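Everything numeric here is computed off the predicted structure, so don't read it as measured data. Residue numbers start at 1 and run along the sequence shown.
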Amino acid sequence: MASGCGDGHSALKRCLAVLRDARNDSEQFAALLLVTKAVRAGEIDAKTRRQIFEAIGFTFPSRLLSSGRPPPGCPGHTYRALGLTLLACFCTDPQLAGHSQILNKIPTFNDILVSPCDPDSTSMIDDVYQCLSAVLATPRGPRELVIKGTVSALCQAYVNCSYGSERALTLLLGLLAVAEAKCWQRDAPQLLAVLSKLSDDFLKAEDMTKFELCEVLPHFIPLSPPLTQDPQGCECLHRLYKGLANILASKLSQSQRDPALKLAACLVQACGSEWIPAGSAGSKYLALLVNLACVEVRLTLEEPDPLEMEGKKEVVTACYVLIEMGIQECLREEKPLLKDVQKMQIMRIMEEAFGAVIFYLRQVKQEQLQDPFIFASVRVLGAWMAEETSSLKQEICELLPFLVHYAKKLFKEGSQAASPPQPELGSTMGSGSPQDALRFLLPGFCHLTAEDRPRDILISEGAPALLCEYFLHQWEVLSSQPGPLTPLTSTETSLQTTCGIFLNLVVTAPDLIRRDKTFSSLMDMLLKSLPLLLPQKDHLVLAANITTLGLMMARILASSAVLQETQSAKEFFGAAILLLSQAHSAQADAGSDGVAVAVSPAYASAWADVCELWFLGMQALASCVPLFPWLPQAILQARWLENLSELLAHVTPASVDFELIAAFQGVLVELARASKPCRDTILSHHGREWANLYGMAALEQCLSEQ
């Protein structure tokens with residue numbers, strides 16, 4: 001058949017003409033054999049490929065794929081093989097690879113991959129992989145492959161060590177790179193089977209394969225759901241732990257150590273320290289990991305050669321992840337993996353590493369600020385500043401101007417881009433264009449604003465105005481969701497921590513609150529946000545923060561326009577009174593037959609975070625009473641005085657501790673002094689009696705005065 005058509009491009013063109021004009025299948029089939037032979041030999045260019053497509057289209061290859069018996073003397077899969085060869089040829093054109101006729105063939109490609117393969121049909125498998133690779137590279141391709149079951153087929157091909165299984169692994173890596181969450185959502189058991197095989201190979205390997213697998217394995221470790229929730233996942237983690245322990249306990253070259261550290265960091269991001277077993281071996285291993293990470297950071301950052309540094313950024317970022325785990329483990333009190341001696345040693349080693357991070361950041365130039373590695377360095381330093389307040393204080397103070405400038409630049413750019421909030425587990429490894437550096441610096445800033453020198457630096461660098469803008473932006477993010485406010489953990493935590501910073505400034509720098517106009521905008525937002533927040537019980541801690549901050553700022557800004565008996569001011573104080581007044585209730589005392597004062601059930605789970613704020617809020621409310629003539633009337637309308645009188649009259653006095661009595665008395669005395677109706681209400685509810693009973697001497701005296 002082939003000889004009748006001659007050789008070369010002219011012969012190919014004649015065959016294309018035959019294909020176009022063929023009167024029956026046998027003529028078309030004869031011409032097609034030569035075309036596919038030329039295609040397989042790689043003898044066609046893009047122009048000829050387009051001519052083949054125009055002559056044949058998708059219809060004929062589709063018929064070949066679905067045809068039954070081939071001509072006598074041909075293998076059973078001949079038609080299918082010819083059809084696949086043509087489709088593989090078409091797929092080398094990106095436009096054709098994304099065509100719906102190719103995408104519709106994905107289930108057929110999958111079936112061929114998972115079917116038994118005899119030696120004669122390997123070319124079909126090659127063609128299928130070529131088609132799938134081409135589809136993956138198209139805009140719609142990854143989604144179609146996931147939906148149509150290719151992940152499962154590729155997993156099966158790899159686990160069964162089928163022909164071309166390495167190409168299956170390569171395709172899986174490509175799919176996970178662009179659609180990891182969807183892949184795990186639809187095909188978790190199959191992907192776990194691949195991870196199981198990879199981790200088994202990793203543990204058993206005694207040659208360079210072990211280090212090659214270090215590069216592959218991170219792609220198969222999902223961030224969610226955690227592997228620790230699945231028995232097979234736990235087995236994989238244990239094998240990875242043992243395999244890494246074997247590597248890191250050996251003498252390694254740089255090229256061997258780097259992928260091992262990156263794999264360990266990937267496991268930390270996915271599972272925290274849960275993949276490291278408890279006991280002596282686990283604690284030594286964890287200490288070794290953090291130690292190696294700190295050494296790597298120092299070696300790279302203390303003497304940075306610009307060219308060498310560029311190639312090391314990825315592994316240093318992985319080391320940051322390991323160091324951050326080290327910080328958390330040093331703070332862990334319940335079932336700690338580390339002994340106290342190990343914690344002290346690790347803290348010293350980490351301090352040296354953070355000295356290197358600070359040294360590096362002080363060299364950063366303006367044009368480098370977009371580098372994700374700078375973001376990773378600032379983030380890990382933020383984790384250190386959040387927990388270790390006494391170490392490297394001088395160096396951190398000197399770096400504060402850079403940190404404020406950097407956070408401001410990223411925040412302004414992020415606000416202009418109106419980017420969505422970053423995911424909770426936003427990885428520092430390979431992050432694209434990070435914007436929220438402030439989120440990671442806030443806890444450290446909260447500690448620093450409680451101390452004179454760093455606070456003065458932060459104020460002189462414009463941090464308070466930046467934090468006000470950030471707070472307003474984060475509130476918009478939290479409240480922009482339709483329906484009830486969505487608990488976005490990172491957003492809500494950022495708002496709470498920023499409140500802590502502002503509380504420090506209110507106490508230590510009240511003049512700043514008075515003169516900086518951004519605090520008037522903040523006050524206005526606090527007035528409007530609390531009434532929205534309070535009815536939603538999932539946000540009690542944030543509501544307590546906003547209540548206390550708002551009351552303490554109101555004392556300083558009492559004369560500002562927003563607080564002059566405006567509707568928003570009344571609604572804010574109404575909500576604040578509600579939050580403070582409902583924190584305690586009478587409950588049966590387990591130790592006696594009496595009734596005791598206790599934290600209200602609605603507050604109980606959050607009381608550890610709310611308790612200090614409640615006492616501060618009570619003090620601030622007491623200070624506000626003489627400043628706002630309409631406030632006592634608002635408290636009367638809320639019937640707080642009646643409810644409090646009833647509570648104190650019914651509970652066992654011994655159940656009310658001194659601090660609580662002092663908090664109640666502070667507010668009651670100011671109300672009795674500022675408002676005759678309030679004083680009369682207290683007296684009419686046996687105020688003198690229970691004031692005497694609870695030792696509220698200042699209230700007793702106030703009530704006795706005419």
Under a 3.5 Å distance rule, please check whether [X] uses its side chain to pair with a backbone N or O of [Y] as donor and acceptor.
X      : Y      : answer
Gln256 : Ser253 : yes
Gln130 : Ala88  : yes
Asn160 : Ser162 : no
Ser250 : Asn246 : yes

Under 3.5 Å, sequence neighbours excluded: what are the donor-acceptor pairs made by side chains of residues 142-149?
unit_1, atom_1, unit_2, atom_2, d
Glu144, OE1, Lys148, NZ, 2.3
Glu144, OE2, Arg140, NH2, 3.4

Contact summary for [X] and [Y], nearest pair of heavy atoms:
X      : Y      : answer
Cys236 : Leu192 : SG-O, 4.4 Å
Ala97  : Cys91  : CB-O, 3.6 Å
Cys319 : Leu261 : SG-CD1, 4.1 Å

Could you tell me which residues satisfy side chain to side chain donor-acceptor pair (under 3.5 Å) with [X], sequence neighbours excluded, listed by chain and number?
X      : value
Ser196 : Arg239
Thr209 : Asp207
Gln101 : Lys105

No-hydrogen, no-angle side-chain donor-acceptor test under 3.5 Å, Gln370 and Glu413: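 The criterion, which ignores hydrogens and geometry beyond distance, is satisfied for Glu413 and Gln370.
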
Side-chain donor-acceptor contact under 3.5 Å, Ser273 with Arg332: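 Yes, Arg332 and Ser273 have a side-chain donor paired with an acceptor closer than 3.5 Å.
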
Ring pair (Phe, Tyr, Trp, His ring centres under 6.0 Å) pairs, two or more places apart, involving residues 172-202: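 Listed by first then second residue: nothing to list.
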
Sequence neighbours excluded - ring pair (Phe, Tyr, Trp, His ring centres under 6.0 Å) pairs with any residue from residues 239-264: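 Passing the test, one end in residues 239-264: Tyr241-Tyr285.
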
Salt-bridge criterion met for Asp258 and Lys262 (N-O under 4.0 Å):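 Looking at Lys262 together with Asp258, the answer is no, because their closest N to O distance does not fall below 4.0 Å.
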
Presence of salt bridge, Lys210 and Asp201, under 4.0 angstrom: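 So Asp201 does not pair with Lys210 through a salt bridge.
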
Does some side-chain heavy atom of [Y] sit less than 4.5 Å from a side-chain heavy atom of [X]?
X      : Y      : result
Leu136 : Thr150 : no
Leu410 : Asp436 : no
Leu191 : Cys155 : yes
Phe440 : Phe375 : yes

Flag if over 12 foreign heavy atoms under 6.0 Å of NZ, Lys284: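 Incorrect, the count does not exceed 12.
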
Straight-line distance of Cys131 SG to Ile106 CD1, nearest 0.5 Å: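 If I round to the nearest 0.5 Å, the distance is 10.0 Å.
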
Glu296 vs Gln254, side-chain hydrogen bond (donor to acceptor under 3.5 Å, both in side chains): CA-CA, chis, key distance, verdict: CA-CA 10 Å; Glu296 192 64 46; Gln254 190 79 49; 3.2 Å; yes

